[in-house]
Amino acid sequence: MHCSHLLHQLQFCARRQTPSHGKKLHAHILKSGLYQCGPLPNTLLDMYGKCGLIKDALQVFDEMPHRDPVSWATLLTAHNQAKLPHRTLSVFPNMFTLDGLQPDHFVLASLVKACASLGATKLGKQVHARFIISPFCDDDVVKSSLVDMYAKCGLLDSASLVFESIYQKSSVSLTAMISGYARSGLKSEAVELLRGMSEKNLFSWTALISGLVQSGHWVDGFHLFIEMRRKGVDIVDPFSLSSIVGASANLAALELGKQVHCLVLALGYESSLFVSNALVDMYAKCSDVLAAKRIFDTMCQRDIVSWTSIIVGMAQHGRAEEALSLYDKMILAGLKPNEVTFVGLIYACSHVGLVSKGRYLFKSMVEDYGLSPSLQHYTCLLDLYSRSGHLEEAENLLKAMPFKPDEAAWAALLSACKRHGNTQMGIRVANHLLRLEPEDPSTYILLSNAYAGAAMWENVSRVRKRITVMEFKKEPGYSCVDLGKESMVFCAGESFDPMKDEIFGLLKELDAEMKKRGYVPDISSVLHDMEQHEKERQLFWHSERLAVAYGLLKAVPGTVIRVVKNLRVCGDCHTVLKHICSIVKREIIVRDATRFHHFKDGRCSCCDFW
DNA sequence: CTAGGGTTAG
């Protein structure tokens with residue numbers, strides 16, 4: 001075989017990622033003595049790198065007779081490709097110490113890319129400085145990678161400065177800049193750049209859509225996705241689809257999510273790991289956790305994200321046993337859990353009060369898997385101790401943990417003190433909390449109730465003064481009920497809805513039946529200072545009740561009522577919904593700001609902890 | 001012969 005023919009064969013293997021054929025070629029090259037032939041060693045190195053065989057790549061590199069800057073660039077790219085950016089940066093200095101070579105623009109671009117994926121701002125700036133004083137300082141490819149690096153590090157000003165210096169703005173540099181703007185939430189800047197592109201491609205559209213979705217502009221992401229479809233852009237890879245599935249998950253819009261799922265099937269991407277992982281998460285977040293499980297079960301390959309998604313989904317829906325048994329299956333399948341998996345697991349334990357299991361998992365995370373717990377892990381564990389009445393252990397953990405506990409952590413303990421009747425600790429915790437100058441109005445309700453319980457009236461009035469200020473800051477509550485073809489949003493308070501009278505009538509009727517069953521309104525969560533009956537009136541018009549009533553009036557009989565609320569469900573509404581589900585014999589699912597509530601047969605999946 | 005941009009879980 002000829003040298004140039006072998007070269008083409010190797011390049012083909014690299015593109016197709018078929019290392020088995022590549023290895024045969026390698027053997028052939030060694031046998032035929034063509035190893036010294038021009039670019040063959042570098043191409044061989046590149047083939048192993050592109051096929052993800054970093055060890056073989058390193059071996060070829062070490063045994064190379066002559067190494068030139070191309071060899072080094074190829075080796076560094078191989079490390080980037082293998083997701084070892086740290087190694088890229090640590091191997092680089094050997095280029096002069098071993099071979100006395102200076103980096104060229106190919107090497108510089110690889111270094112910048114490594115800095116970008118590590119978020120290494122300081123090193124990135126050093127590489128930038130090297131680039132400026134190098135003979136390649138006009139190279140647009142390196143500049144594109146610098147734009148991307150600065151954008152990923154959150155330094156948008158630096159990114160756009162480099163971007164402006166690019167003479168011929170290629171679609172790659174434009175895409176890097178669009179992605180940077182979109183991810184930082186600079187919507188109009190990102191959209192304008194795309195609009196100005198003469199040849200928009202799938203990459204640039206995807207950069208914009210996924211960036212908007214990542215920065216929380218889910219509806220805008222959808223509009224642009226629809227526009228991209230209308231423009232007839234061929235969706236030849238799964239990237240934009242996984243983003244848009246994620247957008248439906250965050251919008252908690254089940255019907256929309258189902259439509260996106262249909263599109264995924266129509267375009268033939270159901271076997272893409274990224275897409276099916278996103279679908280599992282979407283169904284769980286859209287309150288249909290059984291559909292999430294069905295997707296999970298039918299996946300032909302599963303990675304740690306798939307397992308974690310379903311574990312977290314089960315945990316959020318109060319299905320702790322299923323979450324924990326899925327974890328056992330995951331370990332049997334040979335997967336290694338990560339930080340996110342443990343958040344889901346400890347969260348699952350706190351739902352059902354599995355204290356020793358939670359404590360064991362926390363320990364196992366550190367000792368068996370070498371992971372370091374974050375504030376979130378401590379908060380979950382704290383929540384578990386508090387809810388289950390292990391107040392001393394909770395307070396000790398709060399003091400001993402290596403993070404400064406935040407408002408939510410203290411508030412969780414305070415509400416547990418109230419629930420378990422520990423007034424003394426309650427006061428201690430309340431004093432800590434008050435010094436933090438809380439931001440959340442519901443924290444003040446907790447504080448006020450704690451001080452009132454201990455008859456500390458001076459403190460009560462101090463807290464109530466702050467509440468008056470808070471009232472203006474409080475985000476208005478709203479709930480959305482999903483009826484399949486339509487959905488309806490309700491705000492708290494008396495509405496001007498055309499169905500108002502019917503909704504009022506139904507709620508009044510249900511109220512009478514509930515009172516017969518022993519329901520007494522719990523007004524302790526009403527912020528405003530007013531008379532008892534006025535407070536009860538306020539509760540009566542909470543948005544989740546209006547949404548549920550509307551659902552009962554309009555939804556197909558026997559179907560599940562699905563409601564999404566922006567704030568947390570208050571204690572009284574929680575009691576009311578438990579009554580309603582058993583009176584009307586319907587399942588009601590409410591997704592609130594923190595978790596899911598499945599109301600069925602007079603009970604809730606959250607076990608009344610939320 | 002070698003380099004740059006877009007996807008999933010808390």
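Numbered from 1 within each chain, the chains take letters A, B, ... in sequence-line order.
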Residue list, ring-ring contact (aromatic ring centres under 6.0 Å, His included) with A:F92, at least two apart or on another chain: A:F96

Candidate pair A:V60 and A:M47, rule side-chain contact (heavy atoms from CB on, under 4.5 Å), full reasoning: CA-CA 11 Å; A:V60 169; A:M47 183 275 294; over 6 Å; no

Sugar-phosphate, base or nothing in reach of A:S170, heavy atoms under 4.0 Å: base

Qualifying salt bridge (charged side-chain N to carboxylate O under 4.0 Å, His left out) pairs, either residue in residues 267-277 of chain A, two or more places apart: none

Sugar-phosphate, base or nothing in reach of A:A207, heavy atoms under 4.0 Å: sugar-phosphate

Selection: residues 230-251 of chain A, any non-hydrogen atom under 4.0 Å of DNA chain B: A:D237, A:P238, A:F239, A:S242, A:S243

Partner residues of A:F136 under the ring-ring contact (aromatic ring centres under 6.0 Å, His included) criterion, sequence neighbours left out: A:H105

List, one per line, each side-chain donor-acceptor pair under 3.5 Å for residues 291-304 of chain A, sequence neighbours excluded.
from   : atom 1 : to     : atom 2 : distance (Å)
A:K293 : NZ     : A:D297 : OD1    : 3.2
A:K293 : NZ     : A:D297 : OD2    : 3.1
A:T298 : OG1    : A:R294 : O      : 3.1
A:T298 : OG1    : A:I295 : O      : 3.0
A:R302 : NE     : A:F296 : O      : 2.9
A:R302 : NH2    : A:F296 : O      : 3.3
A:R302 : NH2    : A:D297 : O      : 3.1
A:D303 : OD1    : A:N277 : ND2    : 3.2
A:D303 : OD1    : A:V305 : N      : 3.1
A:D303 : OD1    : A:S306 : N      : 3.0
A:D303 : OD1    : A:S306 : OG     : 2.8

A:S184 side chain to A:G180 backbone, donor-acceptor under 3.5 Å: yes

Side chain to side chain contact (heavy atoms under 4.5 Å, CB included) against A:Y369, all qualifying residues, sequence neighbours excluded: A:Y327, A:I331, A:K336, A:P337, A:F342, A:S364, A:L371

Sugar-phosphate, base or nothing in reach of A:S306, heavy atoms under 4.0 Å: nothing

Side chain to side chain contact (heavy atoms under 4.5 Å, CB included) partner of A:L146, the single match among A:V162, A:I166, A:L161: A:V162

Touch class at under 4.0 angstrom, heavy-atom based, for A:Q81 against every strand present: nothing

Distance-only polar pair, side chains of A:N42 and A:T74, donor-acceptor under 3.5 Å: no

Residues within residues 132-160 of chain A bordering DNA chain B, heavy-atom distance below 4.0 Å: A:D139, A:V141, A:S144, A:S145, A:D148, A:K152

DNA chain B contacts made by residues 173-200 of chain A, counting heavy atoms under 4.0 Å: A:T175, A:S179, A:R183

Lys/Arg-Asp/Glu bridge criterion (N-O < 4.0 Å) met for A:D56, A:K23: yes

Any pair counted as side chain to side chain donor-acceptor pair (under 3.5 Å), so long as it reaches residues 133-142 of chain A, sequence neighbours left out: none

With A:Y48 via ring-ring contact (aromatic ring centres under 6.0 Å, His included) - residues at least two apart: A:H26

Sugar-phosphate, base or nothing in reach of A:V305, heavy atoms under 4.0 Å: base

Salt bridge (charged side-chain N to carboxylate O under 4.0 Å, His left out) contacts in which one or both residues fall within residues 219-242 of chain A, not counting sequence neighbours: A:K187-A:D220, A:R195-A:E227, A:E227-A:K231

Span of DNA chain B in contact with chain A (heavy atoms, under 4.0 Å): B:dC1 to B:dG10

Touch class at under 4.0 angstrom, heavy-atom based, for A:L208 against every strand present: nothing

